[in-house]
Each structure stands twice: as C-alpha cells, then as structure tokens.
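The structure under discussion appears below in the form of structure tokens.
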Number of protein chains: 2
Amino acid sequence: MQDSPDFKPLYVQVKDLLVRRLVTGAWRPGEGLPSETSLAGEFGVSQGTVRKALDELAQQNLVVRQQGKGTFVATHTPQRALFHFFHLVGDDGARALPGSRLLAVRAAKATKAEAARLDLKADAGVVRLKRMRLLGGREAIVERIALPAARFPGLEKDSDLPNELYRHYELVYGVTVARAVEALKAIAANAEEAKLLRLAAGAPLLEIDRLAYALDGHAVEWRVSHCDTADHHYVSEIE
Amino acid sequence: MQDSPDFKPLYVQVKDLLVRRLVTGAWRPGEGLPSETSLAGEFGVSQGTVRKALDELAQQNLVVRQQGKGTFVATHTPQRALFHFFHLVGDDGARALPGSRLLAVRAAKATKAEAARLDLKADAGVVRLKRMRLLGGREAIVERIALPAARFPGLEKDSDLPNELYRHYELVYGVTVARAVEALKAIAANAEEAKLLRLAAGAPLLEIDRLAYALDGHAVEWRVSHCDTADHHYVSEIE
DNA sequence: TAGTGGTCTAGACCACCAT
DNA sequence: TGGTGGTCTAGACCACTAG
C-alpha cells in the first residue's frame, strides 16, 4: 500500500473516516464522540493514531477536546461566532456581536453570479436575505445573503430569523459552516446604502464578500457586507 | 513540579528553550537545527518530546521541517512574503508581489502615536519610510512605515532599500518578523494620495494598518498602507 | 472511584535525501 | 549507505471530571 500513488498515513485515513461521519451527522453538534480507546479498537489502530487524527480535527475546529470529559463535535456558540467568524472590532478594542434588523427575505431563481459562487445549476433556487446590522446600537452594516434553496427548504417562510444565522443553519437545517473565505475591498456607498447608514453618498465602506463552506466542502452561503468603518476595524492576525 | 502554579509540560519547556535560542540568533535564518535525537540527548528528554516541540514551532512558521534533510530556521523567502504576509490579490485571482518606489526616508523623533504603537519611550528615535507600491505595473498603494531606530541603526542612510523589506530586516539587522496584526478600514483618499494613485479625491481606499512583531515578541514595524482596491481585494481565510 | 484526554517514553519501521 | 524526519505502536503515569 505504501507504494500506491495515493498512499495516506493511517492517521489521515482515520481522520477522513471521522470527517465522513461528522458530515453525515452520525453525531450531532455538541454531542460527544466515543473515547480514543474505543475508536482505536473500532478502527483497529493504536490510541496514538486516533489521537493524532483527533488533534488535527481539533486544530481545524471541527471537534473540541476537554480533558477529563471527552471529545465533542464543534458547535456554533455565540462565543465562537464572536471570536471566530466576526472580525469587526471597535477602535477601542471592544468586541460585540452586531444586532440585526431583517429588511427582506425572498425565494428566487439564482442569478448567474449566485449560481457561480454557490456552485449551482443555472435555474436553481436561492433564498435572498437583506439585513441591517447594528454595532453598539448604531446602523453600521448592510448585509446581503444568498443561500441555496435546496439546503435550506422553506427558510424564506421562517418568520423570525435569529441574529446568529450559523447557529440557526446548524440547529434547523443540519448545515454546519466549517470554513469561510472573505474578500475585502473599499467601495463607495450608493444612494440606498448611504441612506440606510446615514452617511453621505459616496462615503467609503468596507465590503466583506464572504463565501461560507459546510463540513462537506460545498459552498452554502454567499454573504456581502457593506460596513461603515468609521469607528470599527476588521482584524486580521498573521500567524 | 506538577503542583507549582506555573507548571509547564516538558515539551513546552523544550519549545521555550528552542525559541530563546532562535531569538538570540544561535542559528541563522535558513540554517539547520541539530537533529531531533541530538536535541533529545542534549535536553535529556525523549525524541518524541523534542518532536512535539519542533512540530509546534513548525506550525508557527518559526522552523521548516523537511523529511530526510532536517529542521531549518524559517526565513523570509519571496514565496513566504507573497503567500504569508501579503494578502492583496487580483480580482482575477492572480497573486504578485508589488513593486516599490521609495518616496522618502528620514530619521526623526517618535510621535506620540509611533511611540505608543511601537512601545517606545517618548523621545526615542524612529526611521520613517514612504513608498509607492505598484500592482501589475500600476500605482496602487501608498505606504508609510515607522521603525524603531535602535533596532535598525543607519537604515535611513541605506541608499537603495529593496522591495522586500522583511528579508532585508533579517539579513542586515538580524530582525526576524514572526507575526503581525492588521487592522483594516475603508477610508477616503486625501488630495495627496489621490494624486499619487491617479484617483479622484475622496475615492475609497482600503487602509491596512499593520503592526509587525519580531521573534522576541516586540513590535518592530508599524506600517500603514492605503490601497486602491478597484482591481484587487484582500483575502482572509477563516479556519 | 472510574473514565477521559494530556503528557512522556522507548522502540520500531518507513520514506526521503545526500554521498 | 547512513542520517534525517514521518509514522505507528504500546505502555505508563498524570490531571481533570463526574458520579
């Protein structure tokens, strides 16, 4: 086997098996996995090999390990949302999750751009959301979201969508956002945005174009946020 | 020892010892470290413990491991600069290091802001640089840099500073940039920037405010870049 | 007290690289 | 061929948690 072109170390194979189980929902988010020793027995490898696989999963934030308790499937807690997926911080260093005011929800056929970004067929359905988000009680972000309708059936009929969408995706639709890629630009506010954000037209805004990926590796949300960064900034830590 | 309040696992202690050696320049960047077995013998621990320490150092990009060759002190190659510290990418996905045109260099006393950001005394000396940077041959970034003079003696007299400053810091001043924190905002171009970048005054620019830290944990460079993101974007990967 | 993950050790074999 | 890091194993002890 070592000589085959797609040779993989044992611990990687174990990791892949575990990821597959996570993807299929064998364990729900927050639920505990079997112990290292029992997984080792099941897979016929040593505990050390299972440990290395679990360590890598923990590093990728797919599981959380707690000494004396066990290994648990990662879940979107408010803490995680705040420190992991939301990078806007007050210039004074204060972190706070933004409030939300839903402006519009509707189902539609995907535009070309949506189909391309979400990897959908040309005539696939999407759900579009538009939200105002508030930082420190003040309107600061205009957010447009597109979701593949197939993954989120009936979401457009959901009466009151919560502020923390990723938790909602996980609890209601079984979709766990595991990874995201953001593209940032400076843009000028258009008339509508300027009005919503109480700024002059043409005021500089930070555009955060985010594509979020589920556990299975497929894109499940396209989100474009236009942010007033007068009193806030986006934090990026290198290394 | 396990009961002392500052108990540290053996591998962490080994790691700390190795970091201290890296900081003091016991091995030059690019140079090979002793093998795992010889380090294990020297420290009186097992090879596995040294391995765990080295694995963490490799994860933090302080060393690079190569199977069959050895473990080497990380160095600022063009590749590393391009993929690790420079996050602006063409909208078509093309990555390229920006060219540079030096506009000004001079030594001065630190402003209050500089002293605060670089953790210097009020009357400490700094060196200030101002550069134009070009993406695809086009003026795209105005960059202002402040350095503590104590760490970079005589840099202001350096006739032709290279494009890749971090490599220069490392080779000439023995300062290895190991980590950085960036704060991003959207701002409006002032008259000078607009002229330099051939934009209308007030055009939106992406401000990247970066504080870079050396191996020893001290801030060694404050860099503020104002970028025209009409054809480029800043990439941020989450997870 | 029993079970979990965390640390540490020792030894074996493998893949890769230089010579 | 010899040395390096990469993988895998087995066993020991520790710290933490829960009942």
Side-chain angles (χ1 to χ4, degrees), chain A residues 1-19 21-22 27 29-75, chain B residues 1-19 21-22 26-75:
Chain A
M1 195 221 291
Q2 300 90 335
D3 284 342
S4 83
D6 45 66
F7 163 73
K8 283 184 184 178
L10 249 191
Y11 76 91
V12 175
Q13 300 177 42
V14 170
K15 187 180 155 193
D16 289 347
L17 283 173
L18 291 172
V19 168
R21 291 202 189 171
L22 290 171
W27 308 292
E31 194 178 347
L33 273 64
S35 71
E36 295 180 351
T37 48
S38 73
L39 286 171
E42 184 187 344
F43 293 136
V45 301
S46 77
Q47 188 197 10
T49 303
V50 172
R51 167 156 296 172
K52 183 145 185 177
L54 287 175
D55 281 345
E56 293 210 348
L57 292 179
Q59 206 190 325
Q60 294 172 47
N61 295 305
L62 297 184
V63 302
V64 175
R65 317 196 71 181
Q66 282 179 261
Q67 182 171 146
K69 295 184 70 176
T71 304
F72 303 86
V73 182
T75 187
Chain B
M1 195 221 289
Q2 299 90 334
D3 285 343
S4 83
D6 45 66
F7 163 74
K8 284 185 183 177
L10 250 190
Y11 75 92
V12 175
Q13 299 177 42
V14 170
K15 187 181 155 193
D16 289 347
L17 282 173
L18 291 173
V19 168
R21 290 202 189 170
L22 290 171
W27 308 292
R28 308 292 304 172
E31 194 178 347
L33 273 65
S35 71
E36 294 179 352
T37 49
S38 72
L39 286 172
E42 184 187 346
F43 293 136
V45 299
S46 78
Q47 188 198 11
T49 302
V50 171
R51 167 156 296 172
K52 183 145 185 176
L54 288 175
D55 281 345
E56 293 211 348
L57 292 179
Q59 207 191 324
Q60 293 171 46
N61 295 307
L62 298 184
V63 302
V64 175
R65 317 196 71 182
Q66 282 179 261
Q67 183 172 143
K69 295 183 70 175
T71 303
F72 303 86
V73 183
T75 188

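Chain letters run A, B, ... following the sequence lines, proteins first and then strands; every chain starts at 1.
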Response to the item:
Secondary structure of DNA chain D per the Watson-Crick/G-U criterion (both distances under 3.5 Å; [ ] crossing, | other strand, . unpaired) is ||||||||||||||||||.
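- Contact of the B/Leu17 side chain with the B/Phe43 side chain is registered, since non-hydrogen atoms from C-beta on lie closer than 4.5 Å.
- Looking at B/Glu56 and B/Val12, their side chains never come closer than 4.5 Å, going by heavy atoms from C-beta outward.
- Among the nucleotides C/dT9, D/dT9, C/dG6, the one closest to any side-chain atom of A/Glu36 is C/dG6.
- Listed nucleotides C/dT9, C/dT4, D/dC8 differ in distance to A/Thr37; the shortest reach to its side chain belongs to C/dT4.
- Rounded to whole Å, the distance from CZ on A/Phe72 to P on C/dG3 is 16 Å.
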Only distances under 3.5 Å count here; give the side-chain donor-acceptor pairs of residues 44-54 of chain A to other protein atoms, sequence neighbours excluded, each with its distance to 0.1 Å.
residue, atom, partner, partner atom, Å
A/Ser46, OG, A/Gly48, N, 3.4
A/Ser46, OG, A/Thr49, N, 3.4
A/Ser46, OG, A/Thr49, OG1, 3.4
A/Gln47, NE2, A/Glu36, OE1, 2.8
A/Arg51, NE, A/Glu36, OE1, 3.2
A/Arg51, NE, A/Glu36, OE2, 3.2
A/Arg51, NH2, A/Glu36, OE1, 2.7
A/Arg51, NH2, A/Glu36, OE2, 3.3

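- Distance, A/Arg65 CZ to D/dT17 P: 15 Å, rounded to whole Å.
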Could you go over nucleotides 16-19 of chain C and give all protein N or O partners under 3.5 Å, atom names and distances?
residue, atom, partner, partner atom, Å
C/dC16, O4', B/Gln67, OE1, 3.4

Restricting both atoms to N or O, compile the protein contacts to nucleotides 10-12 of chain C shorter than 3.5 Å, with distance only.
none

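- In this structure, the side chain to side chain contact (heavy atoms under 4.5 Å, CB included) partners of B/Glu42, at least two apart in sequence or on a different chain, are B/Arg21, B/Leu39.
- Listed by chain and residue number, B/Glu31 satisfy the side chain to side chain contact (heavy atoms under 4.5 Å, CB included) test with B/Arg28 (two or more places apart in sequence, or in another chain).
- The two residues A/Pro29 and A/Thr75 come nearest to each other via the heavy atoms CB-OG1, 3.9 Å.
- Using a 4.5 Å cut-off on side-chain heavy atoms (C-beta onward), B/Trp27 and B/Leu18 make contact.
- A side-chain contact (heavy atoms from CB on, under 4.5 Å) with A/Lys15 is found for one member of A/Leu57, A/Leu62, A/Asp55, A/Leu10 and no other, namely A/Leu57.
- Atom CG in B/Leu54 sits about 8 Å away from atom P in D/dG5, given to the nearest Å.
- For the pair A/Gln13 CD and D/dC8 P, the interatomic distance rounds to 8 Å; values are reported in whole Å.
- In this structure, A/Arg65 and A/Phe72 have side chains that are not in contact, with every pair of non-hydrogen atoms separated by 4.5 Å or more.
- Distance from the side chain of B/Ser35 is smallest to D/dT4 among C/dG5, C/dC8, D/dT4.
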